[in-house]
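Down below is the structure, laid out as structure tokens.
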Amino acid sequence: MLRKWILSILFCSAALGLSFRPATALESIVIAYPTTSSQFTPLWFARDVGLYEKYGLDGKLVFIQGGSVLLQAMLAGQAHASQNGIAETMVAVLRGGDVKILGVTSNIFPYTLIVAKTVKSAKDLVGGRIAVNRLGDVSAIGSRVALRNLGLNPDKDVTMLQVGGSPQRVAALQSGSVQGAALDFMSGLRLSKQGYAVLAHVSLNYPYLGPVVSAKFLRESPALAEAFVKAFVEGIARFKRDREEGIKALARYMKSNETDILNKAYDFIANEFYAENLEPEPKSFQELVDELSAREPLAKNASIPQVFDLTIVRKLEREGFFKAVFKK
């Protein structure tokens with residue numbers, strides 16, 4: 001009897017031990033982003049709704065101001081993955097940087113050139129200052145295109161100042177330290193509502209943003225790189241599908257309670273900005289190559305296979321992942 005009782009205790013203890021065994025530990029991954037623009041909301045939203053954890057990741061999101069600085073941090077091993085501008089990442093790849101662009105999350109390059117209330121026309125910008133995040137990044141490219149469209153020479157007629165992300169550029173414009181700033185869609189809406197003039201809209205069909213990983217991380221942990229892409233893409237899909245949750249996330253991250261602006265920003269980001277397949281479009285890629293070639297000779301003959309590593313994206317496409325997560 002005693003022997004049966006002892007065996008029973010041991011069996012129960014073993015069963016309890018199994019039932020309370022901790023779950024498989026999450027793999028830590030540092031995910032960087034270069035600006036606090038509204039267009040990055042799905043990257044943060046994926047964390048809020050537990051999608052990094054769903055795919056086995058402990059996603060630590062860090063802000064590293066400016067796409068070129070972010071890439072330097074990735075090369076130094078300070079971040080494993082990011083969503084970053086295709087243009088500056090492409091230049092880094094062509095110069096031998098050990099990073100990989102895994103696809104394109106947006107094929108729309110949207111910037112609004114907002115100017116100080118004293119500026120009435122393009123000629124009033126001559127001799128003035130334009131706020132950008134970093135020289136050579138997407139905000140600078142957007143500014144250059146907008147200025148050329150207005151008949152100005154961006155290299156001679158204005159001075160571009162590196163001031164930081166959208167909030168910093170807005171602050172610089174409001175303080176009067178700059179005469180113009182190329183801003184994301186939502187920031188443009190908010191400032192125009194405050195009486196600032198929109199001098200130019202730039203909406204180019206360039207590959208704009210995409211998931212980027214360090215090549216070392218991809219070589220050593222391809223399954224984790226794939227998990228990052230899956231979590232991020234599912235975050236985009238959920239953001240697009242759930243309007244109420246998406247608007248709440250925009251309101252929280254952009255610190256806004258302006259219902260009209262939040263609705264317009266959500267509609268743009270969810271319905272126009274984010275793609276549902278990360279494959280680069282050859283025509284839009286060539287247009288970006290043409291834009292960059294004027295200042296970066298290495299870009300002149302760049303090709304999609306040279307710039308992108310589409311192994312993960314094409315694997316997920318074959319497996320039906322995109323169709324599954326973006327289903328209505």
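FYI, the numbering just counts along the sequence from 1.
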Got a donor-acceptor contact below 3.5 angstrom from the [X] side chain to the [Y] backbone?
{"X": "Thr41", "Y": "Leu250", "answer": "no"}
{"X": "Glu281", "Y": "Lys283", "answer": "no"}
{"X": "Ser221", "Y": "Leu224", "answer": "no"}
{"X": "Arg241", "Y": "Val325", "answer": "yes"}
{"X": "Gln179", "Y": "Arg129", "answer": "yes"}
{"X": "His80", "Y": "Phe217", "answer": "no"}
{"X": "Asn263", "Y": "Asp260", "answer": "no"}
{"X": "Ser187", "Y": "Ser166", "answer": "no"}
{"X": "Thr112", "Y": "Gly188", "answer": "no"}

Salt bridge check, [Y] against [X]: does any charged N sit closer than 4.0 Å to a carboxylate O?
{"X": "Glu53", "Y": "Arg47", "value": "no"}
{"X": "Arg148", "Y": "Glu291", "value": "yes"}
{"X": "Arg134", "Y": "Glu88", "value": "no"}
{"X": "Glu234", "Y": "Arg238", "value": "no"}
{"X": "Arg219", "Y": "Asp98", "value": "yes"}

Residues forming a ring-ring contact (aromatic ring centres under 6.0 Å, His included) with Phe185, sequence neighbours excluded:
Phe268
Run Gln174 and Gln194 through side chain to side chain donor-acceptor pair (under 3.5 Å) and show every step you take.
CA-CA 10 Å; Gln174 291 174 326; Gln194 295 171 22; 3.1 Å; yes
Geometric class of the Tyr206/Phe109 ring pair [parallel <30°, tilted 30-60°, perpendicular >60°]
perpendicular
Step by step, would you call Lys300 with Asp290 a salt bridge (charged side-chain N to carboxylate O under 4.0 Å, His left out)?
CA-CA 7 Å; Lys300 187 174 182 180; Asp290 294 342; over 6 Å; no
May I ask you to establish whether Lys240 and Tyr274 are in a cation-pi arrangement, using a distance under 6.0 Å from NZ or CZ to the six-membered ring centre and at most 45° from the ring axis?
no
Which residue is it: Asp184, Leu183, Leu189? I am looking for the one with a side-chain contact (heavy atoms from CB on, under 4.5 Å) to Ser38.
Asp184
Does [X] [atom1] have over 12 foreign heavy atoms under 6.0 Å away?
{"X": "Lys117", "atom1": "NZ", "answer": "yes"}
{"X": "Glu319", "atom1": "CD", "answer": "yes"}
{"X": "Lys123", "atom1": "NZ", "answer": "no"}

Before giving the answer on side chain to side chain donor-acceptor pair (under 3.5 Å), spell out for Asn84 and Ser82 the whole-Å C-alpha distance, their side-chain angles and the decisive distance to 0.1 Å.
CA-CA 6 Å; Asn84 199 34; Ser82 69; 5.2 Å; no
First locate atom OH of Tyr52, then atom CG of Leu57, and finally report the distance between them rounded to the nearest 0.5 Å.
9.0 Å
Separation between CD1 (Ile141) and CD1 (Ile86), nearest 0.5 Å, reads 11.0 Å
Centroid separation Phe239 to Tyr266 less than 6.0 Å:
yes
Taking the six-membered ring for Trp, are Phe273 and Tyr208 ring centroids under 6.0 Å apart?
yes
Under 4.5 Å between any side-chain heavy atoms of Leu94 and Leu292, yes or no?
no
